[in-house]
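Within every chain, numbering begins at 1; the chains are lettered A, B, ... in the order of the sequence lines, protein sequences first and strands thereafter.
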There are 2 protein chains.
Amino acid sequence: MPRKRVVIIGGGFGGLTAAQSLHHIDVVLIDRTNHHLFQPLLYQVATAALSPGDIAWPLRTIFRRYPQVRVVMDEVLSIDRAARLVRLLDSAPIAFDVLIVAPGSRHSYFGHDAWEQSAPGLKTLADAVHLREKMLLAFEEAERRRAAFGTQDRLTFVIVGGGPTGVELAGALAEIGRKAMGPDFPTLRLDDLAILLVEAGARILPGFSADLSAKAAAALERMGVTIMLNSPVSGIRADGVTIGSEFVRSTNIIWAAGNRASPLLASLTVPRDGSDRIKVQPDLTIPGDPWIFVIGDAAHCAGPDGTPLPGLAPVAMQQGRYVATLIREETALNQRRPFVYADRGTLATIGRAQAVAQIGLFRLSGLVAWLLWCVVHIFFLIGFRNRVRVMSEWMWYYLTFKPGARVIYELPRPSHEEQRTSQARSAGHDLEE
Amino acid sequence: MPRKRVVIIGGGFGGLTAAQSLHHIDVVLIDRTNHHLFQPLLYQVATAALSPGDIAWPLRTIFRRYPQVRVVMDEVLSIDRAARLVRLLDSAPIAFDVLIVAPGSRHSYFGHDAWEQSAPGLKTLADAVHLREKMLLAFEEAERRRAAFGTQDRLTFVIVGGGPTGVELAGALAEIGRKAMGPDFPTLRLDDLAILLVEAGARILPGFSADLSAKAAAALERMGVTIMLNSPVSGIRADGVTIGSEFVRSTNIIWAAGNRASPLLASLTVPRDGSDRIKVQPDLTIPGDPWIFVIGDAAHCAGPDGTPLPGLAPVAMQQGRYVATLIREETALNQRRPFVYADRGTLATIGRAQAVAQIGLFRLSGLVAWLLWCVVHIFFLIGFRNRVRVMSEWMWYYLTFKPGARVIYELPRPSHEEQRTSQARSAGHDLEE
């Protein structure tokens with residue numbers, strides 16, 4: 001039998017786990033970046049608590065010890081099911097016998113794509129670095145206004161979406177805003193710092209039980225976050241956001257409200273749900289094609305209660321292992337047991353020594369949940385050398401609130417250097433003449 | 001007597017040291033970035049051995065314990081000597097009684113400013129991150145060509161300028177190219193990796209003695225660097241560089257050949273040298289103005305042999321302390337002893353356990369010089385928390401050649417996302433129709 005070739009699109013949790021679980025089968029792993037990203041900690045890069053390199057690992061380095069895995073850094077343009085090819089932007093097409101599609105998702109602005117300009121989201125390292133620089137520059141700008149006018153506008157951050165990402169961002173912003181930026185900006189009045197967490201539904205963290213939602217909301221409010229419930233956003237501009245009928249001035253709006261699966265999935269020409277996810281079969285294949293799998297955020301995979309499984313790392317990793325087993329064992333279509341997600345619990349962190357956890361019937365909050373959150377995240381990072389570094393960062397951060405990641409190195413001022421140079425030159429010439 | 005106000009332009013080694021040495025005097029420290037940069041290690045960020053946050057510290061955090069120091073992040077447009085004002089891009093002008101001008105330098109392309117596009121230099125964190133991404137992408141591109149054509153072009157890096165920066169870059173590139181990228185790119189033939197160090201003069205490291213130059217050259221050649229001496233560059237294009245009469249194809253050209261002081265200095269309207277540096281008086285003031293000082297890379301300060309002092313961190317730091325003492329003690333012009341640079345030696349590192357050091361009449365090379373280099377750099381980093389992190393990074397790096405900084409997060413592909421989306425959509429539509 002000729003060796004089969006498995007092509008995996010996407011080096012996220014699903015694609016990475018699948019590649020590692022395929023053992024001696026030839027794999028081509030394609031990703032548009034050169035790294036695997038530990039996305040659950042991305043908000044810590046966006047809030048300057050960690051550096052980009054702390055939560056990302058080059059895929060080629062991860063797969064050094066897997067000679068059968070070839071890593072290709074490229075953009076997948078389309079999947080040609082008939083020709084069994086994946087078409088790429090910079091390289092020649094790659095043929096596959098088996099395909100695992102795990103391209104993840106981007107933000108969904110629910111038809112208002114123009115909002116992205118003013119309310120960026122948080123999916124990639126580039127997103128996080130841009131958010132971080134915007135946040136740091138907002139404090140600089142407030143300090144300049146304070147110096148110039150003796151007063152300052154409110155330093156308002158608006159986070160749209162009360163899911164785990166929104167909650168984690170709001171908590172981290174409140175902490176860094178008060179505890180780290182406070183001492184750095186002694187002239188700023190930090191009671192002018194406003195952090196709004198805006199949720200269209202009736203409670204934050206809708207994936208958790210109602211009592212944990214309430215505990216998380218109370219913890220956030222103690223940290224100075226204003227929570228607005230039942231507050232759909234109806235408009236976003238560069239200078240503010242319309243919440244219900246109220247316009248809130250802010251130049252720091254972060255989108256954490258919705259996801260849409262990769263547009264690449266359109267080329268599979270099978271039915272998709274309202275979030276553009278592929279409605280997969282119980283064995284995670286697409287209808288009518290037993291060797292094309294879709295996993296992770298790109299898959300609409302019904303859970304035990306009929307609703308789709310959430311877009312979490314453990315779901316994607318379990319799916320990656322499941323499909324790798326089917327491929328390794330060449331399980332025939334009629335022999336496949338459906339994928340079942342083993343839910344080991346859900347965690348969301350709120351801030352320093354504050355988290356909520358829901359594990360089956362157990363519900364934890366406060367310090368115990370936070371310690372659990374730390375242990376779980378350290379556990380997930382095992383095998384990567386950044387574990388030691390991330391731990392030392394965290395310890396240092398929680399001890400000192402003096403993060404070393406608060407460095408702005410990409411100034412959003414393309415024209416200023418020119419402007420300064422020409423103005424300085426003309427000023428110099430005027431004086432010289 | 002009314003309190004005097006000292007304004008410092010630039011938070012590099014000179015400006016930072018001056019601000020820290022002025023004790024209880026009111027200081028406004030202006031920098032266009034929000035951080036102090038440990039520039040001697042910038043080449044390690046450019047070669048993906050360290051992360052940006054490892055060698056930069058927010059100025060506001062450094063000055064938390066100095067309530068008399070106000071940090072302003074802004075661009076200085078010009079200095080108005082008559083009105084005793086510094087004019088800024090984003091803020092109102094700032095009045096000074098005493099001014100310390102320490103804006104540093106940028107690259108000089110000796111009248112060929114168009115070369116910068118194809119041969120960027122290395123002065124800022126943004127420069128280093130761009131060089132790093134370009135270097136990492138060059139390996140990705142070579143791997144794609146290798147996969148597509150079964151062969152590869154030479155992976156050629158050209159470094160223009162054989163001073164300490166050029167030597168350190170060449171050595172670090174040789175190491176990371178062979179030892180770290182090798183295992184990551186098993187399909188690449190690394191004998192196709194070429195690193196050219198191009199020097200117009202008769203030897204590299206002209207600031208060192210001839211025997212140390214020769215030892216450094218031998219060490220670099222053992223590491224696989226090709227050194228071209230007496231080789232002035234006469235042209236640089238996007239696809240290569242003309243060295244003498246020879247055209248060398250390369251898309252990875254790095255400029256380390258010359259410096260030009262900040263254009264801001266023009267507004268001081270006093271004589272400058274060929275590198276645009278201010279020719280300062282023996283007390284580092286400008287002619288005719290006893291309370292305007294110019295220090296660091298911006299100053300042309302004659303050394304004992306009449307040649308200007310080199311643009312090194314110790315020179316700038318000693319100058320910062322010297323002018324701070326004059327200001328604190330309000331030393332009258334006729335009472336000032338001239339600035340004297342206490343040369344404690346010069347060091348340049350070549351690679352793993354390889355460096356050269358010149359300390360008075362002592363000359364060291366090899367492992368001993370490298371250990372000295374480590375100790376000196378760790379010593380300079382004392383007081384900053386990154387010391388621990390940089391040390392652990394180095395140790396890890398030298399043990400494993402698996403740096404965590406090899407992450408590309410700013411893809412130089414502004415149009416690709418659009419392209420991919422539209423192509424994927426049209427592909428999808430074609431198939432769906």
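In this structure a side-chain-to-backbone donor-acceptor pair under 3.5 Å is missing from A/R60 to B/P183.
Taking CZ of A/F139 as the reference point, atom CE of B/M73 lies at 14.0 Å (rounded to 0.5 Å). Interatomic distance, CD of A/E141 versus CG of B/D74, reported as 9.5 Å (0.5 Å rounding). Atom-to-atom distance recorded for B/R145:CZ and A/D90:CG is 11.5 Å, nearest 0.5 angstrom.
Scored by the side chain to side chain donor-acceptor pair (under 3.5 Å) test, A/R70 finds no partners at all (sequence neighbours excluded). A/A83 pairs by the side-chain contact (heavy atoms from CB on, under 4.5 Å) definition with A/D80, A/L85, not counting sequence neighbours.
No part of A/P186 comes within reach of chain B, as not one of its non-hydrogen atoms sits under 4.5 angstrom from that chain.
Counting heavy-atom pairs closer than 4.5 Å to chain B, the top residue among A/S91, A/A92, A/P67 is A/S91.
Nearest heavy atom pair, residue B/E140 against residue A/N34, reads OE2-CB, 3.9 Å. A/D184 approaches B/R64 most closely through the heavy-atom pair OD1-NE, 2.6 Å.
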